[in-house]
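Here the structure is laid out as structure tokens; the discussion comes afterwards.
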Amino acid sequence: MKYDFKKIEAKWQKVWQKEKVYEPDIKKAKKPFYNLMMFPYPSAEGLHVGNAYAFIGSDIYGRFQRMKGNGVFEPIGLDGFGIHSENYAIKIGAHPAEQAQISQKRFYKQLESIGNGFSWNEKLETYDPAYYKWTQWIFIQLFRRGLAYRKKQPVNWCPSCKTVLADEQVLQRQRANSKGQVATGGVCERCDAKVIKKELEQWFFKITNYAEKLLKNINPPASGGLDWSDKVKIAQRNWIGKSEGAEIDFEVKTKEEPNFALLHGYGGSPSGDFFPWLKKEIEKHGYKVQLPLLPHSDKSRASEKEDMEFLWKKVKFDKNTTIVAHSLGSVVALKALEKLKYPIRKLVLVGGSLEPKFKDHERPFSKTFGWKFNYNKIKTNAGKIIILHDSNDSIIPRDQAVKLSDALDGELIEVSANRTHFNASEEPSILECALDKIAVFTTRPDTLFGATYMVLAPEHPLIENLESRIQNLAEVKKYIRKAKKKSDEDRIAEGKEKTGVKLKGIKAVNPANGKELPVWIADYVLTGYGTGAIMAVPAHDERDFEFAKKYKLPITQVVAPYFFADKGKDAIRKDKKTIRRKTAYSFLWDRESSRYLCLDWEKFGWHSGIIGGVEENEDYVKAAKREIIEETGYSNIKFVKYLGKEVHNHFFAAHKDVNRYAVGRGMLFEITGNKKEAVSPDDMKNHKPVWIEADKMKDWLNLGNFKYMWEVLESGKECFVGNGVIVNSGKFDGLDSEKAKWEITKFVGGKRKTQYRLRDWLISRQRYWGPPIPMIYCEECKKQAQNYADRTQTNADKFPRKSALSQRKSAFSKGELGNPGWIAVPENKLPVKLPFVKDFRPRGTGKSPLATVKSFYETKCPKCGAKARRETDVSDTFLDSAWYFLRYPSVKIPNSGTKSEIPWNREITRRWLPVDMYIGGAEHSVLHLLYSRFLTMFFKDVELVDFDEPFSKFRAHGLLIKEGAKMSKSKGNVVNPDEYVKNFGADTLRMYLMFLAPFEQGGDFRDAGIVGVKRFLDRVWRFYHNANDAKQYANDAKELDRLLHQTIKKVTGDIEGLSYNTAISALMILLNEMEKSQKSLVISHLSVFLKLLAPFAPHLSEEIWRNVLGHRTSIHLEQWPKYNPKMLKAETFTLVIQINGKVRDTMEAPTGIGKEEAEKLAMGGEKIKNIVESGKIKKIIYVPGRLINIVI
RNA sequence: GCCGAAGUGGUGAAACCUGGCAAACACGCAACACUCAAAAUGUUGUGGGCGCAAGCCCUUGCGGGUUCAAAUCCCGCCUUCGGCACCA
């Protein structure tokens, strides 16, 4: 009988579907096991063999788990919404909606043909409105809770295709520029044009809110944590990129110094509240302060006229004036600004109010201070405006502060004052607002004293505020414009060379030492990270060093490499005193022979360069020169360069019998002639000069400081980024730099801060083929929302809930308040269906093609009914796939048991999730998995699920290549699985793919190899048809039994570890043996082998199981064989006999023998006897059950 | 530059976690059997060198170390592949 795989495979695929072999009872399944494989995005070219490879590997695992008695759920679906599918449609000139239907059909057919045990009942497609309805719903949930927001952000733009590109569509290319520097740059996937940046306003998800949790959960306590491969965990950890450091404020100084006018409040005075303190603090900075006693301090006299007349007469305002006004003083300040004929520098309103509405206060003001203002006038005159509000203010309600900031377009800063309404005698937040500051994030606050300049990102907001005081504004603006538009291609032209422009007229003050620093803007500082500004410490940061060198900025060392002997012969001795000495270290170079003159301190075991003390009237170079001549005699020498900066070395100097603390510098000298002086024998006493070859230096030198200097010489890296001892930092000198970090931070009033590299998730795509973002923009609601807008994010929750304001606030969700004008589509109006647009191709406008469909975007505001406009962007494909695993089990089950409709059934979700085994491509180990984890955490927080990690176990499959090269259409080496299914059968293809290499490693598909597996299956087929009467034979074959049990053990373990290749090889070995010993077969051998084979070759094994062995039910529902540990052991083993670790003989020995018996056995052999006789036995090692090693 | 993975026959690979006969299992190749012949199938052989042979020597990218014993553990280097890339 012939193995007719075509017939067999088609037959069983149908039967399986009919018998629902692979469909667990979703509601009741016992031991539910969710076996998930990342769903593919389909193209009409059909299933790639890489997809097949991954799916088969996942399926084998699922089948194995099913036979282990689990209710396995193995769903399948298509990720056909999004950019990949759209691009494919563009390429072949089809419409994605129509193409999706064609691709879907083909894909499902192909997926069926490879024989996977899918639950076909639960399939889903991301472009199905029934699915993306929920994708939109999820967007709305995030929006409501303030986790979806709008922000301007540069996007990738292809000027040739005139379209926005997703990051994945930008290919990184390495190119060399004209200078020969190599850099990478982005080019368009489709047309190869250089990609530039363009700014657009987009939707983002605040994944950064979960940064810490995303990081922490990766490395959970042993109890039920994430079983993921380390590689993926590390990749995620790097992506999140946590770093701890400090935020430190630098004060900004301009040529024209500011002066201050402090205006107290009602009933206050220059000696009340924080005013005396504030005046003193500002004066400390050397600025002039005016602090008048205003007429309104006397309640009865409060009036506009009087206050104003007083101000004009007594207080001087100019363009450098900063007004700080407290409480009712704010009203006076505003009126003054309205009348002023020129703008001032800055206005700080502390606990101020727009209208004379003071809570719980008697109000003589209504008549005297019921003023009206011309806000536009005030805005232009006030310069920068800051509204400082105390979140616990008992006098000024918060809505007043919000209104004030709205009316004036001011920056609202909400803090917790030391006393309510800023009534304490010291209020540091006021000082911070009054002075101009640049906040900086650094992980090295210990190097603060070495900050010699400051750099702002080109987009830094402060630049705008300082505009009037920047003397080279035109140049600066030009740089900013260029930087913003800068494409990666431009970067290539520049190499990685840093560029920047100095802000002339602007200085910053180093808070550690009060020194004035120049301020630069440069695009090597990124807007999106930290505060968008850095303190530059060129001596200890390579980037800053490079920049400082290019622009000739000062470099100050503040950390010295520190070498401290705490053990060994040079260890500090407590009984000796420590002598500090300035020391010159040098290497003398002989260019011709490429050797260096060093010192060998034979008695002390030191290998060093030339060492010498620096005398009072000498500098390092002079001292080194003198020392070289004294100690080596060479006098024709020339100084070449310093090797790094100061180095500290603390050790016990045996030759002088003291502890020495040497502070020194390394230098390189070169020999210029062969003149040599005599060296006094006294100088030769402790050490003698030796010449060392350049390539030996690294190994020869054995003192830390010299090793370091040699490294500097070799690498040319003068910048020291390591830890060490603090120098040039005032009272912190001598401290360990690691310890100094937080002491210096504290000293300058900095804050400890944790930064993450992770950025918020950009959701908007200006494309067609995706779920429309379910948002509507309404001008009417914008005004409403702004009135109550919560401008501050930090203290929003502190605000008392019971107040009338918060009740009114509840009319708007957090998202609506944070994004005034944006209203979510009501849930019962979902889905927002993607309209059919004939010309769906991306436009050159930076807008989605949906923006051309009037009937789509013209709508009414669901909140107020006014005319409104729908969002026309669609969401990122990653959003579709970030939650599909939650949907699968609930696809066919309408939700139940919950009040409001949600995308999944809670009970079923509880039963099936988290996913027990998730297999997918390594290329998704960062983004897809991170996004899925983020959404799951969010769902947990809003109580939609009760777990916060979606995938308990994840493994990445390897990449399948063809004949040693990546498969690609341009190479014409793409393998079409259909062909192989047709020619060899699905079972053969399955086994071949898995046999190639470990599943997690990936394999090399070579046509030649597949026949081996085909032969194997042919042999299985023939074997079973010939061995039909095996049951006649007695069970007398111990050897075969043992192999059978060993194979069960091996295959079981290998499948668990995804080592399918070795599992298959074990099956081959077993078949070989069974064929050889047909006579000793029993029926149990036949079933066991077949069951072990079943996950790999499901059709063949099913056919034999039912039609040859005569079973009625599917083999795939059978119990997985168990091995008997007792059956694994043999009665004899091969004793390996080694002489000196080399195998000389082997012999069969009974399993349990001890050392003596083994020895006797070994010596018994002629061969061994001969060898042993020639020498004396030193030692005998016996490894029970394995070998004996005789050492002679 | 940083992070990660990997280097073993003509080829895919196994043994690496847990040190103990390196190359399992397959492909390919060679010879033989069956055949008029071929295909298919089967049998045998197949890391390299020396040898008629028994046997001996060498061999897991390179160099060192630990050990009775190293592909396996440790240190240093080289090469290839993958990811990130001015993250202060």
Side-chain angles (χ1 to χ4, degrees), chain A residues 172 183-184 229-235 237-239 241-243 245-246 440-445 447 451 455 457 491 496-498 522-537 540-544 546-547 698-699 721 755-759 922-923 925-926 958-959 961 963-964 966 992 995-998 1000-1013 1015-1016 1018-1019 1022 1057 1059 1061-1072 1075 1134-1146 1167 1178-1183 1185-1192:
Chain A
Q172 292 300 310
T184 51
S229 49
D230 282 342
K231 213 187 142 164
V232 177
K233 286 186 181 181
I234 290 166
R237 217 172 280 139
N238 289 347
W239 191 263
K242 179 179 182 171
S243 50
V440 147
F441 174 74
T442 175
T443 53
R444 293 294 301 272
T447 63
V455 189
R491 293 239 165 114
K496 273 215 164 179
E497 204 174 305
K498 293 175 177 46
D523 63 5
Y524 83 90
V525 174
L526 309 173
T527 328
Y529 186 81
T531 59
I534 61 156
M535 64 179 207
V537 187
H540 305 290
D541 180 284
E542 280 176 37
R543 294 152 300 181
D544 298 342
E546 195 191 315
F547 193 82
K698 199 177 146 193
D699 292 329
V721 296
Q755 270 294 332
Y756 300 90
R757 237 166 116 152
L758 182 71
R759 306 290 155 87
E923 69 273 22
S925 40
V926 176
L959 204 72
I961 56 171
E963 315 272 343
K966 234 183 199 169
Y992 174 59
F995 184 58
L996 282 174
E1000 289 180 83
Q1001 183 191 307
D1004 190 353
F1005 193 103
R1006 285 168 198 252
D1007 290 337
I1010 198 164
V1011 300
V1013 171
R1015 279 178 202 156
F1016 171 71
D1018 281 339
R1019 271 164 60 204
R1022 259 181 283 136
S1059 302
N1061 57 331
T1062 49
I1064 292 169
S1065 119
L1067 289 171
M1068 287 173 169
I1069 294 169
L1070 181 58
L1071 181 69
N1072 288 346
E1075 281 177 337
T1134 311
L1135 177 68
V1136 175
I1137 303 155
Q1138 295 182 334
I1139 308 286
N1140 289 343
K1142 283 190 177 160
V1143 181
R1144 281 297 122 114
D1145 202 0
T1146 63
K1167 238 159 91 188
K1178 278 189 201 151
K1179 202 174 177 184
I1180 294 179
I1181 288 122
Y1182 174 61
V1183 184
R1186 277 182 199 249
L1187 58 65
I1188 184 158
N1189 187 12
I1190 302 161
V1191 188
I1192 53 174

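Note on naming: letters A, B, ... go to the chains in the order of the sequence lines (proteins, then strands), and numbering restarts at 1 for each one. The analysis underlying the following values was restricted to heavy atoms, covering all of them including side chains, and did not include hydrogens, waters or symmetry mates.
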TODO: Determine, for nucleotides 8-21 of chain B in 5'-to-3' order, which nucleotides have protein heavy atoms under 4.0 Å from the base (write B), from only the sugar-phosphate (write S), or from neither (write -).
DONE: ---SBSS-----BB
TODO: Check every strand shown and say whether A:Val525 touches a base, only sugar-phosphate, or nothing at a heavy-atom separation below 4.0 Å.
DONE: base
Task: Selection from B:rA85, B:rA88, B:rU41 that lies nearest to any side-chain heavy atom of A:Arg1022 - done: B:rU41
TODO: Scan A:Arg237 against the nucleic acid and name what it touches under 4.0 Å (heavy atoms): base, sugar-phosphate only, or nothing.
DONE: nothing
Task: Stem segments of RNA chain B by first residue number [Watson-Crick or G-U, under 3.5 Å, at least 3] - done: B:1-7 with B:78-84, B:10-12 with B:25-27, B:28-33 with B:41-46, B:47-50 with B:55-58, B:61-65 with B:73-77
TODO: Could you check how far CG of A:Leu526 sits from P of B:rA88, rounded to whole Å?
DONE: 10 Å
Open item on the list: Would you say A:Arg1019 places a side-chain N or O within less than 4.0 Å of OP1 or OP2 belonging to B:rA40?
Closed with: no
Open item on the list: What's A:Ala235 touching, base or sugar-phosphate or nothing? Going by heavy atoms closer than 4.0 Å.
Closed with: nothing
- [ ] Can you tell me the distance, in whole Å, between the NZ atom of A:Lys233 and the C1' atom of B:rC84?
- [x] 20 Å
- [ ] Using a 4.0 Å heavy-atom cut-off across all strands, classify A:Ile534 as base, sugar-phosphate, or nothing.
- [x] base
Task: salt bridge (Lys or Arg N to Asp or Glu O under 4.0 Å) involving A:Arg1006 - partner list, sequence neighbours excluded - done: A:Asp1004
Open item on the list: Mind checking if A:Asn1072 touches a base, just sugar-phosphate, or nothing, with heavy atoms under 4.0 Å?
Closed with: sugar-phosphate
Task: Under-3.5 Å donor-acceptor pair between A:Lys1178 side chain and B:rC68 base - done: no
Open item on the list: Tell me whether the side-chain N/O atoms of A:Lys231 come closer than 4.0 Å to OP1 or OP2 in B:rA5.
Closed with: no
